[in-house]
Amino acid sequence: EFRFTQDVQDIELLYFIRPMGLSETSTIAGAKILLAFVLTFMLDLRPRTRWLLSVLFVGAAVLNFKRSGLLAFGTFIGILLILDLQRNGWRFRHTFALAIFLSTLSFYATQIIGQFTRETAASLGDISFDIIIKQLSGRAELWNESADFISSHLFFGNYSERLILSTGQYPHSSYISLLATHGLLLSLVLAAFITKKISSKPAALIFLAPILIDATFQENLFWYISIFDQFALYLLLIRQPSPYWFNPVSSQK
């Protein structure tokens, strides 16, 4: 069953017609797309296969239009670019990609800003603090209520029972939800575990970084054994770094 968040009709904002595919929500679909994109560069694939998959998943992410997911996509692409430049220097592919990027911005800047701000701004100059808060889709209120709960239950949280707010929603942030549900003590234990594992193989951050950024605005981590939880634990506990991790764009199988 292929579903949209709303009937398409004459709606032009991608935010309101994000396809869910076979997922329960567009957010879950976006999480799967992000993980697929990360795996594309984690595995040692032929360059042609990697670029074909990359185009497919980037296109899927744009259609899904989960804005935190797109931010995570951009962060990961930036990491890949830095690694590629360090290893291979400036190449024709960088010039070509830069030309495409600048051309797209030149011709579609107004439409892009309109899509990201749900037509509340047409240029960067129109963006204000109030607009940013509005674009959080109610998260500011959820985070405020969660902060009040955390301040009153700092050490033990909700005794590891998932916190449900007065609106019936969750905090919409993996980190806030972790602290509110389990409290400071258990959260610090988990943070210490993750820090220790990352310090032993910092290369894992190449692939964990976009997921950790996405978790700021979504609850894809730390709430049940989600696909992101499994992937993070796999990287931290089992998977050892591979040489091509540091040269993921040009590696070949």
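Ion pairing of Arg93 with Asp84 is present here, as a side-chain N (NZ or NE/NH1/NH2) and a carboxylate O approach within less than 4.0 Å.
Rounding to the nearest 0.5 angstrom, the gap separating the CG atom in Asn144 from the CG atom in Leu165 is 11.0 Å. The CG atom of Leu212 sits 6.5 Å away from atom CG of Leu221, with the distance rounded to the nearest 0.5 Å. Here the CG atom belonging to Leu102 is positioned 6.5 Å from the CG atom belonging to Leu105, to the nearest 0.5 angstrom. With rounding to the nearest 0.5 Å, the separation of CG in Leu208 from CD1 in Ile194 is 8.5 Å. Between Thr181 atom OG1 and Asn158 atom CG the span is 6.5 Å, to the nearest 0.5 Å. Summarising the geometry, atom CG belonging to Leu186 is positioned 13.0 Å from atom CZ belonging to Phe222; distances are rounded to the nearest 0.5 Å.
In this structure, Phe116 has its ring center under 6.0 Å from that of Phe65.
Using a 4.5 Å cut-off between side-chain heavy atoms of Ile, Leu, Val, Met, Phe, Trp and Tyr, with links allowed through other members, Tyr175 and Leu233 fall into the same hydrophobic cluster.
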Query raised in the report: What do the steps show when you test Leu71 against Asp214 for side-chain contact (heavy atoms from CB on, under 4.5 Å), and what is the final call?
Result: CA-CA 7 Å; Leu71 175 63; Asp214 186 65; over 6 Å; no
Query raised in the report: So Asn64 and Ser26, side chain to side chain donor-acceptor pair (under 3.5 Å) or not? Walk me through it.
Result: CA-CA 7 Å; Asn64 177 258; Ser26 58; 5.0 Å; no
Requested in this report: For the pair Thr49 and Arg46, evaluate side-chain contact (heavy atoms from CB on, under 4.5 Å) and give the outcome as yes or no after the intermediate values.
Outcome: CA-CA 5 Å; Thr49 302; Arg46 296 182 184 277; 4.0 Å; yes
Query raised in the report: Stepwise, does the side-chain contact (heavy atoms from CB on, under 4.5 Å) test hold for Phe76 with Leu34?
Result: CA-CA 10 Å; Phe76 188 52; Leu34 175 61; 5.8 Å; no
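Remark: the Ser174 side chain and the Gln218 side chain contain no N/O donor-acceptor pair separated by less than 3.5 Å. For the residue pair Thr117 and Gln135, no side-chain donor N or O sits within less than 3.5 Å of a side-chain acceptor on the partner. No donor-acceptor contact under 3.5 angstrom links the side chains of Trp143 and Ser173, judged on distance only. Under the 3.5 Å distance criterion, with hydrogens and angles disregarded, a donor-acceptor pair is assigned to the side chains of Lys32 and Ser23. Counted by atom type alone, Asp229 and Ser226 present one or more donor-acceptor pairs between their side chains at under 3.5 Å. At a cut-off of 3.5 Å, with distance as the only test, no side-chain donor of Ser187 or His182 sits close to an acceptor on the other residue.
Side-chain atoms of Arg87 do not come within 3.5 Å of backbone N or O of Ile82 as any donor-acceptor pair. Put simply, the side chain of Arg18 never gets that close to the backbone of Gly30: no donor and acceptor are under 3.5 Å apart. Under a 3.5 Å cut-off, the side chain of His153 and the backbone N or O of Ser151 do not form any donor-acceptor pair. Using a distance-only test at 3.5 Å, with no hydrogens or angles considered, a donor-acceptor pair links the side chain of Asp126 to the main chain of Ser123.
Residues passing the side chain to side chain contact (heavy atoms under 4.5 Å, CB included) test with Phe16 are Gln6, Ile11, Leu13, Arg118, sequence neighbours excluded. Judged as a side chain to side chain contact (heavy atoms under 4.5 Å, CB included), and not counting sequence neighbours, the contacts of Phe96 are Phe92, Ile100.
The aromatic rings of Phe207 and Trp245 lie perpendicular to each other, with more than 60° between the two planes, well past the 30° mark. Ring-plane geometry between Tyr234 and Phe231 is classed as tilted, the angle between the planes lying from 30 to 60 degrees on a 0 to 90 degree scale. Note on ring orientation: taking the six-membered ring where Trp is involved, the planes of Phe156 and Tyr159 are parallel (angle under 30°, cut-offs 30° and 60°).
Between Pro171 and Arg139, the closest side-chain pair of non-hydrogen atoms is not below 4.5 Å.
Through chains of ILVMFWY side-chain contacts below 4.5 Å, Ile127 is grouped with Ile113, Leu124, Ile132.
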